[in-house]
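In what follows, a structure is listed as structure tokens, so that the remarks can point back to it.
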Amino acid sequence: TCTHYVAREGSDTNPGTEAAPWASFAHAGLAAAPGQVVCFRAGTYRSEDIRLELSGEPDAPITFAAHPGEVVKLDGAGAGGVVALAPGVS
């Protein structure tokens, strides 16, 4: 189950809900906490500036996944290529 959302039309000043998603992987990486699942809506996201500030725990990982049924790509813009997130996989 998604606890937070990222979408191309979102804003990093939003609370990260389904109705008011964040806009960037970079912000999600800073805001996500152990036990949370961040779901990305369809689209391509820049990913070269991602900093994961918190680590998950053995019984509470931080999961980044594509929203079920949607295709998500992380574009490193010269940082090694493109990574695709599979639906429901961290």
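These numbers were taken from a predicted model, which means no experiment stands behind them.
The two residues N14 and A20 make their nearest non-hydrogen contact at CB-O, 3.1 Å. When every heavy atom of P34 is checked against every heavy atom of S55, the shortest pair comes out as CG-O, 3.3 Å.
Annotation: the span from E57 atom CD to I62 atom CD1 amounts to 8.5 Å, rounded to 0.5 Å. Distance OG1/T3 to CD/Q36: 4.5 Å, rounded to 0.5 Å. With values rounded to the nearest 0.5 angstrom, F40 atom CZ is found 6.5 Å from L74 atom CG. Note that CD of E18 and SG of C2 are 7.5 Å apart. Values are rounded to the nearest 0.5 Å.
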Under the side-chain contact (heavy atoms from CB on, under 4.5 Å) rule, what do W22 and H4 come out as? Steps first, then yes or no, please. CA-CA 8 Å; W22 295 321; H4 289 90; 3.3 Å; yes

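Side chains of V38 and V6 form a contact here, defined as non-hydrogen atoms less than 4.5 Å apart.
Cation-pi geometry between R8 and Y45 is satisfied (NZ or CZ under 6.0 Å from the ring centre, within 45° of the ring normal).
Side chain of D12 to main chain of H27: no donor-acceptor pair is present (N/O by atom type, distance under 3.5 Å, no hydrogens or angles).
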